[in-house]
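The block underneath contains the structure these notes are about, expressed in structure tokens.
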Amino acid sequence: MSERLEDIAIAMVAEGQGILAADESTGTIKKRFDSINVESTEDNRRDYREMLFRAEEAMKNYVSGVILFEETLFQKGADGTPLVDLIKAAGAVPGIKVDKGAQALPGTSVEKVTEGLDGLRDRLAKYHEAGARFAKWRAVITITEDTPSWNCIKANAHALARYAALCQEAGIVPIVEPEVLMDGELSSHTVDRCFEVTEWALKTQFAELYDAGVNLEGMVLKPNMIVAGQSCTKQASVEEVAEKTVRCLKSTVPASVPGIAFLSGGQSDELATAHLSAMNAMYDMPWKLTFSYGRALQAAALKAWQGKSENVAAAQRAFAHRAKMNGMAATGKWNKELEQAA
Ligand code: 13P
């Protein structure tokens, strides 16, 4: 494959395909395993992820790239094959989560800033050598009565821009992920509040990327969709989410960005698919619009797997189904009947 950043970015958002986010940190994957009563050991994490990467139908047809946690980038499958080689053999690009997590932002009670810039240049060189051709850095922005603050928006956008510039210097495509969270207890966290905050975060983000000299043709944006908060009593329809998300992105994301790959953020599997499909079916857009889902792509497979080798085939089928549904959504061709047919 070409090593140009622009070509890697285009491959990451190839027609009808999207990104599998399998980069849960050790703490997050433990939570996922707790839900199926499986202990989070290094071998179990390996077995689970190897099961996903060996799911040929899903990987070859619908997955353009996989985001890994550092442990997985250097891990070998049960038979000694590096997991990275399984991903490459399926025609997908290996990627790596490089941030060190969101830490409390001084001076506020709920807000966070993502850390991990110290030593990042050296780590990126090591990751490139191990085969990673794209990276991810996630910032989180929390909506409450009195947040986000400008301090939080600015600090996170600045860190993301510095990260993105370092990635490009290392020959790695940055996924820029400023996530406006949908969780929280705020009943007044409406879809319009989400729009306003996301627009602010993205306007600030692209100004920072410009200042840092980031080549927009060699990056991928990973935003949240414009949805109401989980505790909001008034949830938006699929059409409203699609309309508001596309409108927000059109007013903030330059056309030179090749692709936008959404996070699922706690949406149900089917809604995450329905929203993406509606956007692609209803609107003309200058960028590719696809998925970079973690939970919404893995939940069914995790449940089917249950940590048992005899369930591997069933888990792979569950993963293939979800990947196919999202692959169709990436071209606007998904519909509810396809779910029922399966
Ligand atoms: P979810 O789709 O589960 O939100 O995860 C995507 C992701 O990579 C968040 O950084």
Side-chain angles (χ1 to χ4, degrees), residues 12-13 18-35 48-49 52 58 62-73 92-103 112-116 132 134-143 156 159-160 163-164 167 173-184 194 198 201 205 219-227 229-230 241 245 259-276 289-303 319 322-323 325-327 329-330:
M12 287 163 65
V13 292
I19 297 167
L20 165 64
D23 61 323
E24 299 84 3
S25 62
T26 312
T28 303
I29 195 77
K30 181 180 181 308
K31 274 193 243 160
R32 305 280 184 266
F33 280 12
D34 283 349
S35 74
Y48 172 65
R49 287 164 171 156
L52 293 175
Y62 310 111
V63 176
S64 55
V66 182
I67 320 176
L68 304 171
F69 190 60
E70 190 183 49
E71 173 184 275
T72 320
L73 182 66
V93 187
I96 171 89
K97 169 189 171 76
V98 304
D99 68 67
K100 298 245 177 205
Q103 304 297 332
K112 296 192 161 160
V113 63
T114 302
E115 297 188 347
F134 74 92
K136 172 189 121 172
W137 178 292
R138 172 174 177 256
V140 294
I141 294 156
T142 306
I143 293 182
N156 277 299
L160 271 161
Y163 139 83
C167 284
V173 170
I175 290 188
V176 173
E177 182 179 7
E179 175 178 5
V180 177
L181 296 172
M182 61 185 285
D183 354 274
C194 176
T198 304
Q205 189 59 67
M219 65 161 275
V220 170
L221 180 72
K222 178 162 172 170
N224 51 283
M225 295 181 192
I226 306 299
V227 291
Q230 252 158 8
V241 168
T245 303
I260 297 175
F262 293 105
L263 57 97
S264 61
Q267 298 182 46
S268 72
D269 296 2
E270 206 174 306
L271 260 186
T273 306
H275 287 150
L276 176 64
L289 219 59
T290 188
F291 58 92
S292 174
Y293 295 161
R295 283 162 284 181
L297 207 45
Q298 293 184 52
L302 183 73
K303 208 163 152 215
F319 175 45
R322 216 54 252 147
M325 294 299 102
N326 285 306

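Each ligand, and each atom within it, is numbered from 1 in the order the structure gives. Note that the numbering runs from 1 along the sequence shown for the chain. Since the model is a prediction, treat every value here as computed from it, not as a measurement.
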For T114, does its backbone N or O pair with a side-chain atom of N156 as donor and acceptor, under 3.5 Å?
-> yes
Is the shortest distance from a Lys or Arg side-chain nitrogen in K97 or E177 to a carboxylate oxygen in the other one below 4.0 Å?
-> no
Would you say the side-chain atoms of N326 pair up with the backbone N or O of T290, donor to acceptor, closer than 3.5 Å?
-> no
Contact residues of ligand 1 with a heavy-atom cut-off of under 4.0 Å?
-> A21, D23, K136, R138, E177, K222, L263, S264, G265, S292, Y293, G294, R295
Test side chain to side chain donor-acceptor pair (under 3.5 Å) applied to D269 - qualifying residues, sequence neighbours left out | none
Any sub-3.5 Å donor-acceptor pair from S268's side-chain atoms to L271's backbone N or O?
-> yes
Is there a donor-acceptor pair under 3.5 Å between the side chain of Q298 and the backbone N or O of A21?
-> yes
